[in-house]
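The structure appears right after this line, and notes come after that.
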Amino acid sequence: MPRIGHDLTSYLREGMMPTVWCPGCGHGNIFRAITESFRQLQLDPSGIAVLGGIGCSGRTPFYFNTNAMHTTHGRVLAFATGLKLANPQLTIVVTMGDGDALAIGAGHFVHAARRNIDLTAILYNNSIYGMTGGQVAPSTPLAFSSTTSPFGNIEPAFDPVELALAAGATYVARTTTFDFEDMARYIGEAIVHPGFSVVEILSQCPTYFGRLNHLGDAVDLLKYERTHTVATDEIPLLTKEDMVGNLPLGVFRNEIRPEYTKEYAKLCQAQGGTYHA
Ligand SMILES: Cc1ncc(C[n+]2csc(CCOP(=O)(O)OP(=O)(O)O)c2C)c(N)n1
Ligand code: SF4
């Protein structure tokens with residue numbers, strides 16, 4: 001990870017602005033936090049690759065003056081795995097919607113975690129399919145409305161943190177677009193972490209999730225994030241009843257275990273090959 005002097009603008013592809021996101025969309029907050037984490041780590045833009053799937057979240061790579069790939073819906077981790085194996089020196093940040101990561105891409109998500117390949121997966125969780133018009137997603141909470149669940153969702157939602165932990169991700173954190181400093185800090189920790197990292201960020205979609213559920217505008221949705229979450233260090237002080245309807249935030253795992261490209265390099269070298277990670 002080469003580190004040289006960079007300000008925020010050196011990471012931005014300004015010719016692509018303004019962004020495609022609706023006014024007040026949380027994806028803009030996440031984009032800003034990713035940029036801030038690059039600046040804090042003083043990463044060289046030429047050593048970074050930002051990848052996206054398809055969806056409003058998947059547009060993120062368009063706005064970075066780094067290597068970038070806009071891939072297919074649900075398959076971004078497969079592209080990222082290939083890219084990391086081809087060039088293990090790259091710092092790869094993968095941006096995924098909740099539909100992208102937990103529905104069509106759920107298989108790639110759990111296997112990337114199982115392999116512990118050194119990628120940073122940022123899960124933009126707005127609880128809905130944004131780009132295609134507000135359909136129900138595997139992250140839509142019970143009883144909430146979407147264009148395809150107008151009378152309330154009857155399917156329980158995945159908890160992406162539990163899923164990532166069970167599948168073997170070695171850095172797992174959750175925060176919200178309300179908590180800007182935590183977003184930038186967790187993304188930075190995830191980038192530095194030598195293994196598969198997942199940062200779930202609860203994000204607001206005022207256009208669909210907010211409107212269809214009568215939750216108000218973007219500011220109301222930010223307040224909603226704040227009042228329906230609780231920091232992990234506060235949990236011991238709370239009762240089970242206090243936790244109902246509140247999602248825990250924080251770092252849930254930060255541990256080291258063998259990383260995939262390093263293991264692959266060892267295997268290749270043992271067979272007389274020249275692959276290095
Ligand atoms: C193989 C495939 N299936 C379906 C689609 C249609 N599609 C595009 S984006 C999207 C969902 C986007 O929702 P999400 O991943 O949650 O991201 P958001 O737009 O909310 O950021 C879908 C279903 C597609 N492009 N390709
Ligand atoms: S539809 Fe929702 S997720 Fe997509 S840009 Fe608009 S507010 Fe953001």
Side-chain angles (χ1 to χ4, degrees), residues 16-34 50-64 68-80 93-110 112 121-141 144-149 153 155-161 163-164 174-178 180 183 187 198-225 247:
M16 291 298 286
M17 310 244 175
T19 69
V20 73
W21 298 311
C22 305
C25 175
H27 293 2
N29 304 62
I30 302 175
F31 168 64
R32 173 70 177 80
I34 298 172
V50 183
L51 274 62
I54 302 291
C56 302
S57 44
R59 292 293 176 117
T60 308
F62 289 37
Y63 310 115
F64 277 112
M69 282 170 84
H70 188 217
T71 71
T72 52
H73 190 47
R75 308 290 179 230
V76 62
L77 283 170
F79 284 87
V93 174
V94 180
T95 59
M96 298 183 291
D98 42 299
D100 213 355
L102 304 175
I104 190 171
H108 295 294
F109 185 69
V110 294
I122 304 179
L123 207 164
Y124 295 43
N125 190 353
N126 57 12
S127 307
I128 210 159
Y129 284 3
M131 179 162 272
T132 40
Q135 295 86 354
V136 74
S139 48
T140 307
F144 276 70
S145 293
S146 70
T147 49
T148 50
S149 60
N153 175 29
E155 297 180 18
F158 265 140
D159 180 332
V161 162
L163 188 63
R174 170 160 53 213
T175 185
T176 80
T177 48
F178 180 86
F180 181 79
M183 267 199 293
I187 294 168
V198 177
V199 182
E200 182 197 1
I201 302 177
L202 306 180
S203 179
Q204 72 277 12
C205 171
T207 303
Y208 291 111
F209 191 78
R211 184 170 54 82
L212 295 170
N213 290 290
H214 313 290
L215 291 172
D217 63 14
V219 175
D220 296 319
L221 288 167
L222 284 169
K223 289 182 188 156
Y224 185 89
E225 285 175 3
L247 268 179

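Atoms within each ligand, like the ligands themselves, are counted from 1 in listed order. Index from 1, following the sequence.
With hydrogens and angles ignored, the 3.5 Å screen pairs no side-chain donor or acceptor of D98 with any backbone N or O of L123. Between the side chain of T71 and the main chain of G52, a donor-acceptor pair closer than 3.5 Å is present. Distance alone, capped at 3.5 Å, places no donor-acceptor pair between the N213 side chain and the L215 backbone. Formation of a donor-acceptor pair under 3.5 Å by the T140 side chain with backbone atoms of S127 is found in this model. Side chain of E225 to main chain of F178: a donor-acceptor pair is present (N/O by atom type, distance under 3.5 Å, no hydrogens or angles). A donor-acceptor contact shorter than 3.5 Å is absent between the side chain of R32 and the backbone of G28. A donor-acceptor pair under 3.5 Å links the side-chain atoms of W21 to the main chain of C56, judged by distance alone. A donor-acceptor pair under 3.5 Å is absent between the side-chain atoms of H108 and the main chain of R75, judged by distance alone. A donor-acceptor distance shorter than 3.5 angstrom exists from the side chain of D100 to the backbone of G74, with no hydrogens or angles considered.
Using modelled atom types, one finds a donor on one side chain and an acceptor on the other under 3.5 Å when comparing Y124 with T60.
G130 N, 2.8 Å is the protein heavy atom nearest to atom 20 (O) of ligand 1. For atom 13 (O) of ligand 1, the nearest non-hydrogen atom of the protein is Y129 CA, 3.4 Å. Taking atom 17 (O) of ligand 1 as the reference point, the nearest protein heavy-atom neighbour is S57 OG, 3.5 Å. Among all protein heavy atoms, the one lying closest to atom 24 (C) of ligand 1 is H73 CB, 3.7 Å. Here the heavy atom of the protein found nearest to atom 7 (N) of ligand 1 is T132 CG2, 3.4 Å. Taking atom 19 (O) of ligand 1 as the reference point, the nearest protein heavy-atom neighbour is C56 N, 2.8 Å. Annotation: atom 1 (C) of ligand 1 to nearest protein heavy atom, I104 CD1, 3.6 Å. For atom 16 (O) of ligand 1, the closest non-hydrogen atom of the protein is G99 N, 2.9 Å.
Shown in contact with I128 at under 4.0 Å from a heavy atom are these atoms of ligand 1, numbered in order with element: 16 (O), 20 (O). Listed by number with element, the atoms of ligand 1 under 4.0 Å from a non-hydrogen atom of M131 are 19 (O). Of all the atoms in ligand 1, the ones that sit under 4.0 Å from a non-hydrogen atom of I54 are 8 (C), 9 (S), 25 (N). Near H27, meaning under 4.0 Å from any of its heavy atoms, are these atoms of ligand 1: 21 (O).
With a heavy-atom cut-off of 4.0 Å, N126 touches ligand 2 through its side chain alone. Counting heavy atoms under 4.0 Å from ligand 1, residue Q135 does not touch it at all. By the criterion of a heavy-atom distance under 4.0 Å, the side chain of N126, and not its backbone, is placed next to ligand 1.
Heavy-atom distances between N125 and ligand 1 stay at or above 4.0 Å for every pair.
Below 30°, between 30° and 60°, or above 60°: for F209 and F144 the angle between ring planes is below 30°, a parallel geometry.
Take atom 6 (Fe) of ligand 2 and draw a sphere of radius 2.8 Å; the protein N/O/S atoms inside it number 1.
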### Task
Show your working on ring-ring contact (aromatic ring centres under 6.0 Å, His included) between F31 and F64 and close with a plain yes or no.
CA-CA 9 Å; F31 168 64; F64 277 112; 4.9 Å; yes
### Query
Checking side chain to side chain contact (heavy atoms under 4.5 Å, CB included) for the pair E155/V136: CA distance, chi angles, key distance, verdict?
CA-CA 9 Å; E155 297 180 18; V136 74; 5.5 Å; no
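For ligand 1, none of its N or O atoms has an N or O atom of G55 under 3.5 Å away.
The line from NE2 of H70 to OG1 of T95 is 8.5 Å long, rounded to the nearest 0.5 Å.
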